[in-house]
Each structure stands twice: as C-alpha cells, then as structure tokens.
Undergrad: 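Let me begin by handing over the structure; questions about it come next.
Atom set for the values below is all heavy atoms of this structure, side chains included, hydrogens, waters and symmetry mates excluded. The structure presented is a predicted model; accordingly, all values stated were derived computationally and were not measured. Naming: A, B, ... by sequence-line order, numbering from 1 per chain.
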2 protein chains.
Amino acid sequence: MPLPARPRHTIYRAHEALDGVPLIVDGWAARVIRFSDGRRQILSFVLPGDLISTSAVFAGSFGFFVEAITAVRYISYAREEFNGFLASDPELAGALLSACLAEKDEADRLAANLGRRRAEERIASLFLHLRDRLQVCGLVRDERFACPLRQKHIADATGLTPVHVNRVLGTLRQSGLVDLADGELTIADLPGLRQLADMR
Amino acid sequence: MPLPARPRHTIYRAHEALDGVPLIVDGWAARVIRFSDGRRQILSFVLPGDLISTSAVFAGSFGFFVEAITAVRYISYAREEFNGFLASDPELAGALLSACLAEKDEADRLAANLGRRRAEERIASLFLHLRDRLQVCGLVRDERFACPLRQKHIADATGLTPVHVNRVLGTLRQSGLVDLADGELTIADLPGLRQLADMR
DNA sequence: CGTCATGTTGATACCCTTCAAGGTAAGTGG
DNA sequence: CCACTTACCTTGAAGGGTATCAACATGACG
C-alpha cells in the first residue's frame, strides 16, 4: 500500500535513516541538495516507476532531500524483501547495476551542464532529457508530454533564478523551439532543440 | 608493469572500449568531459591508488576522457583477474561498493557546487576536498601538500575561466586563507576556509 | 474574499567572461 | 650560448549573462 505525499512537501530529509528501498509509484519527485542559506540544487527528477536512488539498496541513508513536485505515491521495500526479489529474479540484479551506472553518468553530465553551459543550453538539455525518459514509457505523443514542473523547479535544476528561466522560456518559445504551458511541454522543433542542447 | 603517460596527455578517450579496470599507480589524472567547441569540465581528480572509476568493473567503457596532469603510471587489471581478487577477498567487494557510492555522492556534490555556488566557494571547496583525500594518505603536513594543478585545471574543475581563477586565488591569498604556489598548496586558515566552503 | 503560489516584466547591479598585453621560467635547436 | 618556443601566471579594460529587487497580474484555494 503506497504512502501519499502532498505537492511541494518533503518526502525524505538528507542523512535520515532509510528504512528500505523507496520507489515512486505515482507523481513526480526531485532529489535536491539544500544549502543553509536557502540555495537549492535539484540533482534529478524522479518519475513514476523510478527507484529514488539505487544507493538505497546498499546504503542506510541519502545525502540529498527528496521532495514531491506533484501529489506522489511511493512505496518502500524492506531491504530483506528487496533482496528476495534480487535472489529470485536474475535479471533484476543486472537492471539494478545498469541503473546505478546510469545514475553516475547522469550526475556527471549534470555537472558538465552546470559548469560549462549557458542558460538556454541547460534548459534545452533538461527538456530533452525528460523527453527521452518519458518516451520510453510511451508518455510522449506528437512531441508533447505532461510536465508538472514550475519555473522554480527548472531554475533549481539548471542553477538559474526563476526570473531568468522565465525570460529564457520566452525566447525559446519565440524561437519556435519549445513551449511549456499549462503543465504541458511541446517540442516544436526537435532537431533545433537537439542542436542547441547537444554536448558532444 | 605499469604503463606511463606524459603530463597533459590523454590516457583514455570517451566511449573507447575498456580492456580492463584501470588504476592510477603514480601521479595525478583527471576525468573530464569535453565539448565539441572546446569547453571542458573536470569531473574529478584521480590520485595515486585510485581506480579511475568503479564503473570499469561492470561497464565496457566510460563517458568521459581521462587525462594525465603530471607524469602518470597506471595499470589495467584484466577483468577476470579483478574478479579473481573479488572472489578471494571478501572485504574487497565491500570496499568497491562503498567506493561506488562515494563516487555518486561526489558527483552530486559537484553538481550542487557548480550550479549554486560562487567562484570563491567552489575553489575553497575543491581545495578542502583535495586536502581531505590527501590527509587520509598522510600526504598533508602542517596543512600543506603537493598540488600539481595548474590554474587551468582549477578553472576546468570549477567551471570558471583561468583568468578569473587567477584573480580569486589572489584574493584568497590576500585574505590569508590559502596560498597555491610552486606546486604546493598551503592552507593558512583552515576554519576560515571551511566556513567559506561548507555547504550544509 | 483574502491568501498563496505562480508567471511576467522592467530597471539596475554585479559576477564573471572576453580580449588584450606583457612577464617569467623552462625547454629546444641552431 | 643564444634565439625561439611553449607553458604558465598576471593585470587591465570592456562587455555580457545572469542575479537582484520591485511591482503587478492571474488563478487556485480554503
């Protein structure tokens, strides 16, 4: 039976003891690092079906907070239970391993994005990353998908201010690349957006 | 028998097939992401005794380049050989696991640093991180240690320009916090530096 | 109906980049 | 031994990208 969380509420506080392996069943969440002065950095968005982090299988706590973006339902597998799954399903171990490697790659890509790219590129990159993840689940139709992110979330994910995100979203819209409105993101020019975002 | 690499030379190119599990025996190296237009982001510095990345044990390639900073000697364990070690030493698996978790935490911390902190804080943070790693090896005496980094390396690690790194190093020196000169880094005011760098 | 979260826009400020120039030290080949 | 190069550090001036501050509009919601 999944646990519920309200939008904008904190699901997990950094360094708290983890009772199991948490997984988001429904809704969007974010992994976020908080500074004492209020600055925040979103490390990744956690989508339905995602483990919050593979680290939970081996570690007793996380170094980041987890916050609900939308209303969220999540479950936490007791570690023994999870190990039971692992033992019974030989493919699961492999999936867990590649998920862990993917998390590392993602973190590295994020660092490069934040360190070396400008606002437009970071935002384009974020949108394409979300698109690719949601496409796998069949949630993208006609290059449109439901995106519950507020401009504040985009700001915290890209290391920008909400005000500047607002302006950049405006220029992206005017350039005919993407449009984020009413909780729906529309990619109007996928090749153009890729060219803007691609870090080869 | 270790393989040698010259300073400033590329040891590994992103997405190249990995023949084994590489480990730096001697010298400093860096994991770096390169963009097509020449921008670079250093993901981490690899010190003597470090695996370049635990991912090598399970994956066939890396998503980043590896570059020698100083002269470097490294070895690459054949994967079977490494698995032999793993089977024979029960503690090694645990060490590998916690190294992997640490790598993930580090990547997250780096992202937060790059996304949300100013130049002074990023540089202070980098220096303290290096200090803590070298301290474990007993390479720090009197808050001084050998540091072969050029200002360009610091720039690529912190997402800044070498010119700005130069200016910030100047102010840090004048504030009596740290001094980097002649390949040696001196932390003159450890508490002060921590206060500047600490991200709670 | 007030309050809150959110989006929008303008004016101003600042952190950092870019461009440019020059200086030192080490290495190399004549 | 000297000219030349290369790598690196330093400093100044100017500009740009983004932040900050402020004000206002809108819709959701209790």
Side-chain angles (χ1 to χ4, degrees), chain A residues 6-10 28 30 35 37-41 67-71 113-126 147-175 178-185 196, chain B residues 6-10 28 30 35 37-41 67-71 113-126 147-175 178-185 196:
Chain A
R6 293 259 171 82
R8 293 185 305 279
H9 277 233
T10 299
W28 287 36
F35 297 85
D37 60 0
R39 286 181 284 186
R40 304 152 42 80
Q41 177 65 49
E67 299 178 10
I69 291 173
T70 64
N113 253 331
L114 295 175
R116 287 308 191 188
R117 324 211 48 219
R118 7 208 92 223
E120 273 197 352
E121 303 171 307
R122 294 187 211 172
I123 293 177
S125 197
L126 170 62
C147 176
L149 299 183
R150 305 282 135 194
Q151 294 182 354
K152 176 78 164 81
H153 296 124
I154 298 174
D156 284 336
T158 53
L160 302 168
T161 57
V163 174
H164 195 58
V165 167
N166 181 286
R167 296 192 224 269
V168 172
L169 287 182
T171 73
L172 291 178
R173 188 176 301 129
Q174 280 193 314
S175 328
V178 280
D179 189 0
L180 176 58
D182 305 319
E184 189 163 67
L185 194 142
L196 181 57
Chain B
R6 294 258 171 83
R8 294 186 304 279
H9 277 232
T10 299
W28 288 36
F35 297 86
D37 60 1
R39 286 181 284 186
R40 304 154 42 81
Q41 177 65 49
E67 299 178 10
I69 291 172
T70 64
N113 254 329
L114 295 175
R116 288 306 193 190
R117 323 211 50 218
R118 4 210 92 220
E120 272 196 352
E121 302 172 307
R122 295 187 211 173
I123 292 176
S125 196
L126 169 63
C147 175
L149 299 183
R150 303 286 139 192
Q151 294 181 353
K152 177 78 163 83
H153 296 125
I154 298 173
D156 284 336
T158 53
L160 303 166
T161 58
V163 174
H164 195 58
V165 167
N166 180 285
R167 295 192 226 268
V168 172
L169 287 181
T171 73
L172 290 177
R173 188 176 301 128
Q174 280 194 313
S175 329
V178 280
D179 191 359
L180 176 57
D182 304 321
E184 189 163 68
L185 192 143
L196 181 58

Undergrad: A:Leu114 and A:Arg122: which non-hydrogen atoms are nearest, and at how many Å?
TA: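 Smallest interatomic distance, heavy atoms only, reads O-NH2, 3.6 Å.
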Undergrad: Going by the salt bridge (charged side-chain N to carboxylate O under 4.0 Å, His left out) test, which pairs reach into residues 154-170 of chain A, not counting sequence neighbours?
TA: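 Non-adjacent pairs meeting salt bridge (charged side-chain N to carboxylate O under 4.0 Å, His left out): A:Arg40-A:Asp156, A:Lys152-A:Asp156, A:Asp156-B:Arg116.
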Undergrad: Listing time: all N or O pairs from protein to nucleotides 16-19 of chain D that are below 3.5 Å?
TA:
from	atom 1	to	atom 2	distance (Å)
D:dT18	OP1	A:Ala119	N	2.9
D:dT18	OP2	A:His164	NE2	3.4
D:dA19	OP1	A:Thr161	N	3.3
D:dA19	OP2	A:Thr161	N	3.1
D:dA19	OP2	A:Thr161	OG1	2.9

Undergrad: For the residue pair B:Thr70 and B:Pro148, what are the closest heavy atoms and their distance?
TA: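 What the structure gives for the nearest pair is CG2-CB, 3.3 Å.
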Undergrad: Supply the atom-to-atom distance B:Gln151 CD to B:Thr161 OG1, rounded to the nearest 0.5 angstrom.
TA: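 That separation rounds to 10.5 Å.
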Undergrad: Could you walk me through whether A:Ile154 and A:Leu180 satisfy the side-chain contact (heavy atoms from CB on, under 4.5 Å) test, starting with their C-alpha distance in whole Å, then the side-chain angles of each, then the deciding distance to 0.1 Å, before giving a yes or no?
TA: CA-CA 11 Å; A:Ile154 298 174; A:Leu180 176 58; 3.6 Å; yes
Undergrad: Which atom names give the shortest non-hydrogen contact between A:Ala155 and A:Pro162, and what distance separates them?
TA: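 Answer, listing the atom of A:Ala155 first, then A:Pro162: CB-N, 3.5 Å.
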Undergrad: Measure CG/A:Asp37 against C1'/D:dT20 and give the value in whole Å, please.
TA: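 To the nearest whole Å, that distance equals 15 Å.
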Undergrad: Protein-nucleotides 24-30 of chain D N/O pairs closer than 3.5 Å?
TA:
none

Undergrad: For nucleotides 7-9 of chain D, list the nitrogen or oxygen atoms of the protein found under 3.5 Å from its nitrogen or oxygen atoms, one pair per line.
TA:
from	atom 1	to	atom 2	distance (Å)
D:dC8	O3'	B:Arg150	NH1	3.4
D:dC9	OP2	B:Gln151	N	3.1

Undergrad: Determine whether a donor-acceptor pair (N or O, by modelled atom type, separation under 3.5 Å) exists between the side chain of B:Gln41 and the backbone of B:Ala157.
TA: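 Confirmed, B:Gln41 side chain pairs with B:Ala157 backbone.
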Undergrad: Could you walk me through whether A:Glu121 and A:Asn113 pass side-chain contact (heavy atoms from CB on, under 4.5 Å), step by step?
TA: CA-CA 8 Å; A:Glu121 303 171 307; A:Asn113 253 331; 5.6 Å; no
Undergrad: Keeping the roles fixed (side chain from A:Asp37, backbone from A:Arg39), state whether a donor-acceptor pair exists under 3.5 Å.
TA: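 Pair found, side chain donor or acceptor close to backbone of A:Arg39.
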Undergrad: Enumerate the protein-to-nucleotides 23-25 of chain C contacts in which both atoms are nitrogen or oxygen and the separation is below 3.5 Å.
TA:
none

Undergrad: Using five pairs at each end of the helix from C:dC1-D:dG30 to C:dG30-D:dC1 to define an axis, what is the angle between those two axes, to 10°?
TA: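 Roughly 30° between the end axes, to the nearest 10°.
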Undergrad: Please name the pair of heavy atoms, one in B:Ala71 and one in B:Pro7, separated by the smallest distance, quoted to 0.1 Å.
TA: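 Between these two residues, the closest heavy atoms are N-CG, 3.6 Å.
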Undergrad: Using the side-chain contact (heavy atoms from CB on, under 4.5 Å) rule, take A:Arg117 and B:Phe35 through it: C-alpha gap first, then chi angles, then the decisive distance, then the call.
TA: CA-CA 10 Å; A:Arg117 324 211 48 219; B:Phe35 297 86; 3.3 Å; yes
Undergrad: Below 4.5 Å, heavy atoms only, C-beta onward: do A:Ile123 and A:Leu160 meet side chain to side chain?
TA: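 Answer yes - side chains close enough.
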Undergrad: Side-chain contact test, heavy atoms from C-beta onward, threshold under 4.5 Å: evaluate it for B:Leu172 versus B:Leu196 and give yes or no.
TA: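 Of all side-chain heavy-atom pairs linking B:Leu196 with B:Leu172, at least one is under 4.5 Å.
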Undergrad: Atom NE2 in A:His164, atom CG in A:Leu169: separation rounded to 0.5 Å?
TA: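 A:His164 NE2 to A:Leu169 CG: 10.0 Å, rounded to 0.5 Å.
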